[in-house]
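This report concerns only the one structure given below.
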Amino acid sequence: MKILRFLFQHLISLCALLFALIVVGVAHSVSLPPSVLRTLCLSWFAFPYLWLSLCLVSLLLIYFHHTLTALFCIAALIFTSRPASLVIGFDTPDDLPSADSISSSDIHVLSYNVSSFVYSHDQPLYTSHLQVAHLIDSLNADIVCLQEIPNERLFDKLTSDTLKAAFGRYPYQLTSQHTNGCQIVLSRFPLTQFPDTLHGALLCSATLPTGRDVLLFNCHLASLRLSITQVDAVTQQHMDSTRSVRLYETYSRLRSAFLKREKEVNDIAHLINSDTSSSDVIVCGDFNDTPISYTYHTFTHISHPKPLVDAFRPQYYGLARTYRGNLPPLRIDFLLSTLQPIHYVEHNLPSSDHKAIEVYLRP
């Protein structure tokens, strides 16, 4: 019995050590592109759950006096605490920067995936955009970046003229259309659009009142585009005869989207790295990727004169979430900038399955 107990205790320790190494490996595998990692990149979505599970394992090891193993697991938690802070909120509103720190010279930016104006079923498509316009007007941002605007070829009642009228308080408006949806930039500052060569992003520059130009990338990177049945295959508890087929279809879509985003983010990063004007940069929008991803790692490790800083400030305890659909909590909407983020707020607006991201940036 003593031998069995000895073996069982060592097996527990070995499993805990392997689990801690897996958590560390997932957190630091983001520097490798999906084309190299292949199926393993799907583990990025699971990171917050793996990290929280390791916290529980560490507590259990301490309780059962596996001291050395517990210390190793705690060291792994500390080593991965930075990635964890990007997907798990540890702060309360009292810990956050106050709005009193906002200056009149700060740039007020709003990024919002409007979900083709069809998330709110209380209003017909051809009037729901007015609700979104009213919400945007109430936030009174200097620059507004909208993603997933419906294509007027599909929704003929929402023409470009209709949208321009709805957002008429903004004198400068630019539009770009891709297979990922249509992006719009609304601004109080003059805008200059660059050639429409990027897939998944609208690139322009905004001239600030100080005369400085800011490069702006309004992104909607390749979507997962999961159907309701594919989402159900992931979230349902029991296995049936068709679930394995739907799970494979879900995996295929995830895999394809990872590869598409890899190319899109590399193209955007190349443009930023090749910019010789030393302009400040704002990259915002729906990345369709979490902070534990090749996409986020590439953006935050761009070799620009100044690094792109994530404006995210958690406003709650628990898993960070900007996507409000049927999938598990995901933070996939971002605003990164070489400008200093002063204030960050997420808005649960009723007109989309995404939260709106509001940020004040200091030039």
Side-chain angles (χ1 to χ4, degrees), residues 86 106-115 132 135-136 139-149 167 170 172-176 178 180-189 191 193-194 198-206 208 213-223 261 264-265 267-269 271-272 275 279-291 293 295-300 302 304 306-313 320-323 330-347 349 352 354-363:
L86 300 173
D106 293 336
I107 306 170
H108 187 188
V109 183
L110 179 72
S111 178
Y112 188 26
N113 182 321
V114 299
S115 192
V132 173
L135 292 168
I136 289 172
L139 295 175
N140 199 33
D142 297 321
I143 299 174
V144 179
C145 296
L146 302 179
Q147 304 91 41
E148 207 170 336
I149 300 291
F167 302 112
Y170 288 95
Y172 304 99
Q173 302 184 16
L174 294 177
T175 304
S176 178
H178 300 284
N180 295 349
C182 172
Q183 287 90 264
I184 289 181
V185 175
L186 313 170
S187 175
R188 292 197 176 94
F189 310 134
L191 297 174
Q193 187 166 5
F194 291 92
L198 287 176
H199 188 275
L202 187 160
L203 170 59
C204 63
S205 67
L208 305 182
D213 288 335
V214 175
L215 287 177
L216 179 62
F217 294 80
N218 181 13
C219 303
H220 186 206
L221 304 183
S223 174
R261 286 195 297 274
E264 290 170 348
V265 70
D267 289 344
I268 295 171
L271 278 177
I272 296 175
D275 175 50
S279 299
D280 282 298
V281 179
I282 299 173
V283 179
C284 66
D286 177 5
F287 292 0
N288 276 303
D289 247 333
T290 72
S293 66
T295 295
Y296 184 89
H297 178 270
T298 302
F299 279 145
T300 53
I302 283 174
H304 191 268
K306 291 190 287 185
L308 286 172
V309 177
D310 188 354
F312 174 66
R313 299 290 185 278
R321 179 175 191 169
T322 62
Y323 178 71
L330 296 171
R331 181 164 84 94
I332 60 176
D333 300 272
F334 300 85
L335 193 148
L336 313 174
S337 180
T338 56
L339 299 168
Q340 180 187 2
I342 300 300
H343 193 64
Y344 173 96
V345 182
E346 294 173 3
H347 294 280
L349 304 178
S352 174
H354 290 252
K355 292 181 181 179
I357 305 299
E358 182 184 18
V359 179
Y360 285 85
L361 300 169
R362 183 150 297 170

Next on the checklist: Determine whether Cys219 and Ile268 satisfy the following criterion, side chain to side chain contact (heavy atoms under 4.5 Å, CB included), listing intermediate values before the conclusion.
Outcome noted: CA-CA 10 Å; Cys219 303; Ile268 295 171; 3.9 Å; yes
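- Side-chain atoms of Gln173 come within 3.5 Å of backbone N or O of Phe167 as a donor-acceptor pair.
- Remark: the Thr175 side chain and the Gln193 side chain contain no N/O donor-acceptor pair separated by less than 3.5 Å.
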Checklist entry - Between Gln147 and Ser111, does a side chain to side chain contact (heavy atoms under 4.5 Å, CB included) hold up when you go through it step by step? => result CA-CA 8 Å; Gln147 304 91 41; Ser111 178; 3.2 Å; yes
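- Formation of a donor-acceptor pair under 3.5 Å by the Arg331 side chain with backbone atoms of Leu86 is found in this model.
- Between the side chain of Asp142 and the backbone N or O of His108, at least one donor-acceptor pair lies under 3.5 Å.
- At least one side-chain heavy atom of Leu336 sits less than 4.5 Å from a side-chain heavy atom of Tyr296.
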Checklist entry - Does the side chain to side chain contact (heavy atoms under 4.5 Å, CB included) test come out yes or no for His199 and Asp267, once each step is laid out? => result CA-CA 9 Å; His199 188 275; Asp267 289 344; 5.9 Å; no
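- The backbone N or O of Ala222 lies less than 3.5 Å from a partner atom in the side chain of Glu264, making a donor-acceptor pair.
- Side-chain atoms of His304 do not come within 3.5 Å of backbone N or O of Ile272 as any donor-acceptor pair.
- At least one donor-acceptor pair closer than 3.5 Å links the side chain of Asn218 to the backbone N or O of Ile184.
- In this structure a side-chain-to-backbone donor-acceptor pair under 3.5 Å is missing from Ser205 to Leu215.
- Side-chain contact check for Tyr112 versus Leu146: some heavy-atom pair is nearer than 4.5 Å.
- With Val359 as the fixed residue, the side chain to side chain contact (heavy atoms under 4.5 Å, CB included) test singles out one of Leu339, Ile342, Leu335, Leu110: Leu335.
- The aromatic ring centres of Phe334 and Phe312 sit 6.0 Å or more apart.
- Considering all non-hydrogen atoms of both residues, Pro341 and Asp310 come closest at CG-O, 4.4 Å.
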Next on the checklist: Would Ile357 and Tyr344 count as a side chain to side chain contact (heavy atoms under 4.5 Å, CB included) here? Give the steps.
Outcome noted: CA-CA 7 Å; Ile357 305 299; Tyr344 173 96; 3.5 Å; yes
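- Remark: side-chain polar atoms of Thr295 are not paired, donor with acceptor, to backbone N or O of Asp289 under 3.5 angstrom.
- With Ser352 contributing its side chain and Asn113 its backbone, the two residues share a donor-acceptor pair below 3.5 Å.
- At distances below 3.5 Å, at least one donor-acceptor pair connects side-chain atoms of Asn288 with backbone N or O atoms of Leu221.
- In terms of heavy-atom proximity, Ser279 sits nearest to Asp275 at N-OD2, 3.8 Å.
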